[in-house]
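We number each residue from 1, following the sequence as shown. Each ligand, and each atom within it, is numbered from 1 in the order the structure gives.
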Amino acid sequence: MAFETITVEVEDHVALITLNRPDAMNALNDQLLGELVTALEDAQANDKVRCIVLTGSEKAFAAGADIKMMSEKSFVEVFAGDLFGPEPDAIMRIRKPIIAAVSGYALGGGCELAMMCDFIIASETAKFGQPEINLGVIAGMGGTQRLTRLIGKSKAMDMNLTGRFMDAEEADRSGLVSRVVPVKKLREEAMAAASKIAEKSMISVMAVKESVNRSYEMPLREGLLFERRVFQSLFATEDQKEGMSAFMEKREAQFRDK
Ligand code: HXC
């Protein structure tokens, strides 16, 4: 399918999805979100794809939901149409890992989109923020929820109440991102991380994603039980036999997703 607001390349088992509305700092409108969901669902269905990287431009990952699209909407329109409801749900249903590679602005819905991914690699120029308060609204796709779990109440309150931006160094220190790399190396580092994941057994990879995400939904005792049962169930796979045999035979494992 031809997309107008994103580009998709599949390279060595990794789907690289690039947000591409340069005139609007990759602001998220209906078309972009629709195309993004389609591309992610395509990647999920494509057996050649084992990991996904989501990125923007050097200047902006995404500067938020499209303010021009939203400004004149009424309560009835956004409520009845469930503005920004279906897309996050669809993104969270993707079972393959998604790495956000963030350079420049990741604001409002852009920061929230990055947080919907499984982890964030940031360039030194990345700036995160939830500035919706300046528009007379609040975050609506996780800025008060996921951000609070990731960086704690004090910093999440600060960002949501003052609308200030957090730079890459602070985001790294606060646990919002997994690592910070030079801007020119961002894509390469994200693709390298994705390729590393692509070498693993997809069964274990999907089990990790599901188990870590369960930690947000259940009490610790239940989460630990869930994890242990998934760990034990992986002994039913050929990939567990292969992985452990390869270790003992001092060779690289050849996983077959079985
Ligand atoms: C629509 C946007 C936009 C946005 C930037 N643009 N952000 N258009 N929606 N969110 C457009 C500008 O209008 C402008 O186009 C062009 O991109 C370049 O932006 P400038 O402002 O000229 O660039 P600069 O001075 O470098 O400032 C960059 C910026 C600023 C700091 C990112 O644009 C900004 O503050 N943007 C808004 C950030 C924001 O409030 N995000 C939260 C949105 S609400 P034109 O054609 O005018 O020159 C949200 C809610 C999510 O995300 C809730 C989900 C349920």
Salt bridge (Lys or Arg N to Asp or Glu O under 4.0 Å) between Arg50 and Glu199, intermediate numbers included: CA-CA 8 Å; Arg50 303 174 69 82; Glu199 290 167 9; over 6 Å; no
Apply the test salt bridge (Lys or Arg N to Asp or Glu O under 4.0 Å) to residues Arg256 and Glu242: give CA-CA distance (whole Å), side-chain angles for both, the deciding distance (0.1 Å), then the verdict. CA-CA 9 Å; Arg256 296 170 59 225; Glu242 166 61 10; over 6 Å; no
Quick one: look up the protein heavy atom nearest [atom] and list residue, atom name and how far away it is.
atom	answer
atom 14 (C) of ligand 1	Asp23 O, 4.2 Å
atom 11 (C) of ligand 1	Ala24 CA, 3.9 Å
atom 55 (C) of ligand 1	Phe84 CD1, 3.1 Å
atom 53 (C) of ligand 1	Gly140 N, 3.6 Å
atom 38 (C) of ligand 1	Ala63 O, 3.3 Å

Does the protein place any heavy atom closer than 4.0 Å to [atom]?
atom	answer
atom 40 (O) of ligand 1	yes
atom 30 (C) of ligand 1	no
atom 17 (O) of ligand 1	yes
atom 21 (O) of ligand 1	no
atom 6 (N) of ligand 1	yes
atom 9 (N) of ligand 1	yes
atom 34 (C) of ligand 1	no

Any [X] side-chain heavy atom under 4.5 Å of [Y] side chain:
X	Y	result
Ile98	Leu40	yes
His13	Met202	no
Asp118	Ile99	no
Ile91	Leu36	yes

Go through ligand 1 atom by atom and flag the ones less than 4.0 Å from a non-hydrogen atom of [X].
X	answer
Gly64	52 (O)
Leu107	32 (C), 38 (C)
Glu132	44 (S), 49 (C), 50 (C), 51 (C), 52 (O)

Over 60° means perpendicular and under 30° means parallel, so tell me whether Phe79 and Phe75 are parallel, tilted or perpendicular. parallel
Nearest-option assignment for atom 4 (C) of ligand 1, heavy atoms, candidates Pro88, Pro22, Ala27: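 Looking at heavy atoms only, the winner is Ala27.
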Closest candidate by heavy atom, reference atom 13 (O) of ligand 1, pool Lys68, Lys59, Met25: Lys68
Set out, in order, the CA-CA distance, both residues' side-chain angles and the distance that settles salt bridge (Lys or Arg N to Asp or Glu O under 4.0 Å) for Arg214 and Glu210, then state yes or no. CA-CA 6 Å; Arg214 295 305 288 174; Glu210 212 165 297; over 6 Å; no
Record the part of [X] in heavy-atom contact with ligand 1 below 4.0 Å; permitted values are side chain, backbone, both and neither.
X	value
Glu112	side chain
Leu135	side chain
Pro131	side chain

Is any N or O atom of [X], backbone or side chain, closer than 3.5 Å to an N or O atom of ligand 1?
X	value
Ile67	yes
Ile138	no
Phe165	no

Verify, without hydrogens or angle tests, whether Glu124 (side chain) and Ala168 (backbone) share a donor-acceptor contact under 3.5 angstrom. no
Checking the side chain of Lys209 only, and the main-chain atoms of Ile94 only, is there a donor and an acceptor separated by less than 3.5 Å?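 Yes, Lys209 side chain to Ile94 backbone: donor-acceptor pair under 3.5 Å.
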Test side-chain contact (heavy atoms from CB on, under 4.5 Å) on Leu16 and Glu11 and set out the steps. CA-CA 8 Å; Leu16 173 65; Glu11 195 182 294; 5.8 Å; no
Consider only side-chain N and O atoms of Gln31 and Thr5, and report whether a donor and an acceptor are under 3.5 Å apart.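 Note: Gln31 and Thr5 side chains miss the donor-acceptor criterion.
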Hey, could you give me the CD/CD1 distance between Glu188 and Ile121, rounded to the nearest 0.5 Å? 11.5 Å
Please test Arg164 against Glu170 for salt bridge (Lys or Arg N to Asp or Glu O under 4.0 Å), starting from the C-alpha separation and ending with a verdict. CA-CA 12 Å; Arg164 80 171 172 93; Glu170 186 182 1; 2.8 Å; yes
